[in-house]
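The structure displayed is predicted, hence computed values, not measured ones.
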Amino acid sequence: MKPIISPSILSADFGHLAKDIEMVNRSEAEWVHIDIMDGVFVPNISFGFPVLKYVTKLTQKPLDVHLMIVNPEKFIPEVKALGTRIMNVHYEACPHLHRVVQQIKEAGMLPAVTINPATPVSLLQDIIQDVYMVLIMSVNPGFGGQKFIEHSVEKVRELKALIERTGSEALIEVDGGVNLETGARLVAAGADALVAGNAIFGAPDPESMIRQLHAL
Ligand code: DX5
Ligand code: ZN
């Protein structure tokens, strides 16, 4: 099975965002990955809803929105209004994760739970049946272009085993430091979807890079 490719526009050229989004529209990528940061949960701030309202209008692919913010449930209506298909919230940002997952479903979006590099896969045991997808962070969230954390491959294997053992149908997505080399190992370990920022937008031919990642 070919991996789903979700280009992260955090690494796009913000001076020519429309041009980069048109490239993604033309490409083989299935989704578009949007990183929202608050400067509290992560040490950086990306784009807010007023900007995203325009960005998402240009986007023709389903939106895979990754919220790196505290209290993500506060923004369910705003995230929905962007036309989001998948709303990713962090395990570490949601003390009442089960409730947040239900709220995302009630709003008509697919719930995904994201775990940081230091959060073990085993903590997902009691939520795995309720989520559309788990996003494994393979860097500490906050910035594009960071070095891949090797242990993430093992976490994908563990998550695959948890999914099989529990009969869950959750997809496995990985985000951070994904390129052709790390991507191939992640897919072999069981990843269904790959987020890539720098590998795509830093490539001489981003569309061809998407094709190559898709062929892993
Ligand atoms: C990091 C973000 C990622 C980031 C990935 O906090 O969640 O989506 O854009 O960028 P690369 O692929 O460059 O590591
Ligand atoms: Zn992300």
Side-chain angles (χ1 to χ4, degrees), residues 2-39 41-69 72 74-90 104 107-110 112 114 132-133 135 137-139 141-146 171 173-180 182-183 192-216:
K2 282 185 171 185
I4 292 165
I5 304 301
S6 194
S8 164
I9 59 161
L10 188 65
S11 296
D13 176 356
F14 287 0
H16 302 93
L17 209 42
K19 187 178 102 316
D20 281 357
I21 290 171
E22 278 161 25
M23 181 283 293
V24 176
N25 287 343
R26 274 197 314 271
S27 78
E28 286 184 9
E30 280 85 357
W31 299 341
V32 175
H33 186 83
I34 296 184
D35 291 298
I36 304 182
M37 304 177 187
D38 64 357
F41 182 68
V42 289
N44 195 11
I45 296 178
S46 55
F47 6 63
F49 293 104
V51 173
L52 288 175
K53 203 171 109 189
Y54 291 97
V55 170
T56 52
K57 259 192 212 149
L58 304 169
T59 311
Q60 290 162 5
K61 310 266 168 145
L63 304 179
D64 168 32
V65 177
H66 177 194
L67 289 138
M68 285 158 272
I69 66 173
K74 271 194 193 166
F75 293 97
I76 288 175
E78 285 83 355
V79 174
K80 172 73 181 168
L82 297 175
T84 299
R85 179 181 292 183
I86 305 161
M87 178 166 167
N88 296 276
V89 295
H90 268 260
I104 294 171
M109 294 180 285
L110 298 169
T114 307
Y132 171 71
M133 186 165 80
L135 171 51
M137 285 311 299
S138 39
V139 297
F143 306 92
Q146 300 181 82
L171 297 178
E173 183 175 51
V174 186
D175 183 6
V178 173
N179 54 33
L180 289 172
T182 55
D192 303 292
L194 301 175
V195 176
N198 197 52
I200 292 175
F201 293 100
D205 182 348
E207 219 183 313
S208 147
M209 181 51 68
I210 290 173
R211 235 183 343 260
Q212 293 176 62
L213 287 164
H214 206 202
L216 288 177

Shortest non-hydrogen separation from [X] to [Y] and the atoms involved:
| X | Y | value |
| --- | --- | --- |
| I69 | I36 | CG2-O, 3.7 Å |
| K61 | N25 | CE-O, 3.4 Å |
| T59 | V32 | CG2-CG2, 3.3 Å |
| V24 | A29 | CG1-CB, 4.3 Å |
| A112 | N88 | CB-OD1, 3.0 Å |
| P43 | F143 | O-CZ, 3.4 Å |

Greater than 12 external heavy atoms within 6.0 Å of [X]'s [atom1]:
| X | atom1 | answer |
| --- | --- | --- |
| F49 | CZ | yes |
| K74 | NZ | no |
| K19 | NZ | yes |

| field | Parallel, tilted or perpendicular: ring planes of Y132 versus W31, cut at 30 and 60 degrees | value |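 Ring orientation of Y132 relative to W31: tilted.
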
| request: Hey, can you tell me if F14 and F47 have their rings parallel, tilted or perpendicular (30° and 60° cut-offs)? | output: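 Plane angle between 30° and 60°, so tilted.
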
Any side-chain heavy-atom pair of [X] and [Y] under 4.5 Å:
| X | Y | answer |
| --- | --- | --- |
| D64 | V195 | yes |
| I86 | E173 | no |
| I5 | E30 | yes |
| I210 | M23 | yes |
| I200 | S11 | no |
| T56 | I34 | yes |

Please report the interatomic distance [atom1]([X]) to [atom2]([Y]), rounded to the nearest 0.5 Å.
| X | Y | atom1 | atom2 | value |
| --- | --- | --- | --- | --- |
| R211 | E28 | CZ | CD | 6.0 Å |
| Q212 | D205 | CD | CG | 8.5 Å |
| M137 | T114 | CE | OG1 | 7.5 Å |
| I9 | L52 | CD1 | CG | 6.5 Å |
| S27 | M209 | OG | CE | 13.0 Å |
| I4 | D192 | CD1 | CG | 6.5 Å |

Please check this pair: side chain of [X] against backbone of [Y], looking for a donor-acceptor N/O pair closer than 3.5 Å.
| X | Y | result |
| --- | --- | --- |
| S46 | L10 | no |
| S138 | D175 | yes |
| D20 | D13 | yes |
| T84 | V79 | yes |

| side chain to side chain contact (heavy atoms under 4.5 Å, CB included) assessment of M87 paired with L67 | CA-CA 8 Å; M87 178 166 167; L67 289 138; 3.4 Å; yes

| query | Going by distance alone, is a donor N or O of one side chain under 3.5 Å from an acceptor N or O of the other, for D35 and H33? | reply |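 There is such a pair (donor and acceptor under 3.5 Å, judged by atom type) between the side chains of D35 and H33.
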
